There are 2 protein chains.
Amino acid sequence: MRQDGRLARMIHVLVHMGLLGGRETSERIAQMLNTNPVVVRRTMASLRQYGIVESEGGRGGGWSLTRPLKDITVLDVQRALQGETILDAPLSNDHPSCPVERAANAKLQRAFESAEQTLEREFRKVTLAEIGEIAMASAKAGKTG
Amino acid sequence: MRQDGRLARMIHVLVHMGLLGGRETSERIAQMLNTNPVVVRRTMASLRQYGIVESEGGRGGGWSLTRPLKDITVLDVQRALQGETILDAPLSNDHPSCPVERAANAKLQRAFESAEQTLEREFRKVTLAEIGEIAMASAKAGKTG
DNA sequence: CCATAGTGTAACAAATAGTGTTACGGTCTA
DNA sequence: TAGACCGTAACACTATTTGTTACACTATGG
């Protein structure tokens, strides 16, 4: 589970959970993601904190969705994983009182804010149900490889 | 010089160079960036490859701009430093033949492409001359701290 | 023609962040 | 009460960026 594809991976998992409808253990999810259960718990914990999934301990426990896929957007998952900020403008901080540095930072900040708004808008309009439907359709059409 | 503020830092340096008009040594640039000359050469080498600056060796050598600030956009600097791609969609690759994973990746890819276009547009419309002017104006107004 | 002040670059050290692993405690249920 | 779960801390591993050292090359001034 490398390169921070956490958003993509979690969406992948959540859609499967939604389609199957049941409860999944960290162990099984770890297998899906080629990783191990502790990493899964760490990441799923963020989703739980945000109210997307819930966990139950003990025998027969595991993870389950708190609501149907149609009520979960990509933005929800993003927020759960990374908080408010999607894109972080990497600014410089070598001479905070230098007017040139300040002017450069201000321009960059604004540009990144625009891009972040775009991303937020795109993320908000895609539901996990939609992803599930696309997947089902393409599986039916035999586009598996 | 941490956290990949390379874009912001290089813009900062280039604007100073443009305003001063002369040649700067790696040593002096390194002081501006609180780093050391080798790191500066590494980064400036990318800008040279892209035709934004040129370097001369030997006594009296150093770095200079190849054209005025008004002919350098933030996008130029970005491209020189990181190539074509500004935003890289972090996709998952655990089960390349899984239709769910594919559908999720496709949606994310598209969202990131939109955001990248926004960023590209914003970067293209800001010239370093503009940043220089803002800096000069705010310096004159006494907003230094 | 050589001392000096530069860049170019390879090789390596250090810091950082993400990921993987182990270990152990808590919780539910058959 | 044993077994199958999650929760979490602590630590090892890995990759990337940044910093450093070292040395070769180049141009200039005296």
Side-chain angles (χ1 to χ4, degrees), chain A residues 1-10 12-13 17 22-66 78 80-83 85 88 90-94, chain B residues 1-10 12-13 17 22-66 78 80-83 85 88 90-94:
Chain A
M1 182 145 145
R2 205 145 272 287
Q3 102 173 251
D4 198 27
R6 271 151 89 230
L7 178 60
R9 288 164 210 265
M10 286 304 116
H12 179 186
V13 165
M17 286 173 65
R23 187 168 285 166
E24 295 285 352
T25 65
S26 303
E27 181 66 39
R28 278 173 52 84
I29 295 172
Q31 283 165 7
M32 282 184 55
L33 298 179
N34 294 320
T35 182
N36 75 57
V38 175
V39 176
V40 169
R41 286 185 197 120
R42 278 207 284 251
T43 310
M44 293 294 276
S46 310
L47 302 184
R48 180 184 50 215
Q49 203 169 1
Y50 205 81
I52 294 176
V53 298
E54 58 196 2
S55 62
E56 286 192 55
R59 180 175 262 201
W63 301 88
S64 49
L65 298 176
T66 59
Q78 166 68 34
L81 292 174
Q82 289 197 19
T85 305
D88 209 32
L91 305 179
S92 74
N93 194 31
D94 300 310
Chain B
M1 184 143 146
R2 205 144 273 288
Q3 104 171 250
D4 197 28
R6 270 151 90 232
L7 178 59
R9 288 163 209 265
M10 286 304 114
H12 179 186
V13 165
M17 287 173 65
R23 189 166 284 166
E24 294 284 352
T25 65
S26 302
E27 182 66 38
R28 277 172 53 83
I29 296 172
Q31 284 166 6
M32 282 182 56
L33 299 179
N34 295 321
T35 181
N36 75 56
V38 176
V39 176
V40 170
R41 287 186 198 119
R42 277 208 284 251
T43 310
M44 292 295 275
S46 310
L47 301 185
R48 179 184 50 215
Q49 203 169 3
Y50 205 80
I52 295 176
V53 298
E54 59 196 2
S55 62
E56 285 193 54
R59 178 174 261 200
W63 301 87
S64 49
L65 298 177
T66 60
Q78 166 68 33
L81 292 175
Q82 288 197 20
T85 304
D88 209 31
L91 306 179
S92 74
N93 194 33
D94 301 310

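Fair warning: this is a prediction, and the values are worked out from it, not measured in the lab. Letters go in sequence order (proteins before strands), and every chain restarts at 1.
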Query raised in the report: About how many Å separate CG of L65(A) and CD1 of I52(A), when rounded to the nearest 0.5 Å?
Result: 9.0 Å
Query raised in the report: Could you write nucleotides 24-30 of chain D as a row of B, S and -, 5' to 3', where a protein heavy atom under 4.0 Å of any base atom gives B, of only sugar-phosphate atoms gives S, and otherwise -?
Result: --BBBS-
Query raised in the report: What distance separates L7(A) CG from L91(B) CG, expressed to the nearest 0.5 Å?
Result: 9.5 Å
Report task. Supply the atom-to-atom distance L47(B) CG to S55(B) OG, rounded to the nearest 0.5 angstrom. Result -> 11.0 Å
Query raised in the report: Starting at CG of D94(B) and ending at P of dT19(C), how long is that distance when rounded to a whole Å?
Result: 11 Å
Query raised in the report: Nearest to the side chain of R41(A), which nucleotide is it out of dC6(D), dT7(C), dA23(C)?
Result: dC6(D)
Query raised in the report: Quick one: CZ on R23(A) to CZ on R28(A), what's the gap to the nearest 0.5 Å?
Result: 13.5 Å
Query - dG20(C) OP1/OP2 closer than 4.0 Å to side-chain N/O of T35(A) - result: yes
Query - Nearest-nucleotide pick for V39(A), side chain only, options being dG19(D), dG20(C), dT7(C) - result: dG20(C)
Report summary line: Picking from dC6(D), dT21(C), dG19(D), the nucleotide nearest the side-chain atoms of N36(B) would be dG19(D)
Query raised in the report: Could you state the CH2-P distance from W63(A) to dC6(D), rounded to the nearest angstrom?
Result: 7 Å
Requested in this report: Evaluate the criterion side-chain contact (heavy atoms from CB on, under 4.5 Å) for residue pair M10(B) and L33(B); output intermediate values, then yes/no.
Outcome: CA-CA 9 Å; M10(B) 286 304 114; L33(B) 299 179; 3.5 Å; yes
Query raised in the report: Which whole-number value in Å describes the distance from L7(A) CG to dG18(C) C1'?
Result: 16 Å
Query raised in the report: Any side-chain N or O of S55(B) under 4.0 Å from OP1/OP2 of dG8(C)?
Result: yes
Query - Closest-nucleotide ordering on DNA chain D, the 5'-leading residue of V38(A) and G61(A) - result: G61(A)
Report summary line: Of all heavy-atom pairs linking M17(A) and W63(A), the shortest is CE-O, 3.3 Å
Query raised in the report: Roughly, in whole Å, what's the span from CG in N34(B) to P in dG19(D)?
Result: 9 Å
Report task. Over all heavy atoms of both residues, which pair between P37(A) and A30(A) is shortest? Give the atoms and the distance, please. Result -> N-CB, 3.6 Å
Query - R6(B), nearest nucleotide to its side chain (from dT18(D), dG20(C), dG8(C)) - result: dT18(D)
Query raised in the report: Counting only distance, no hydrogens or angles, is the base of dG18(C) paired donor-acceptor with the side chain of R42(A) under 3.5 Å?
Result: no
**Report entry** Rounded distance (Å) that lies between atom C1' of dT21(C) and atom CG of L33(A)
**Finding:** 17 Å
**Report entry** Euclidean distance, Q31(A) CD relative to T25(A) OG1, rounded to 0.5 Å
**Finding:** 7.5 Å
Query raised in the report: Between atom CE of M44(A) and atom CG of L81(A), what is the distance when rounded to the nearest 0.5 Å?
Result: 10.0 Å
Query raised in the report: Of all of residues 22-32 of chain A, which get a heavy atom below 4.0 angstrom from DNA chain C, listed by number?
Result: none
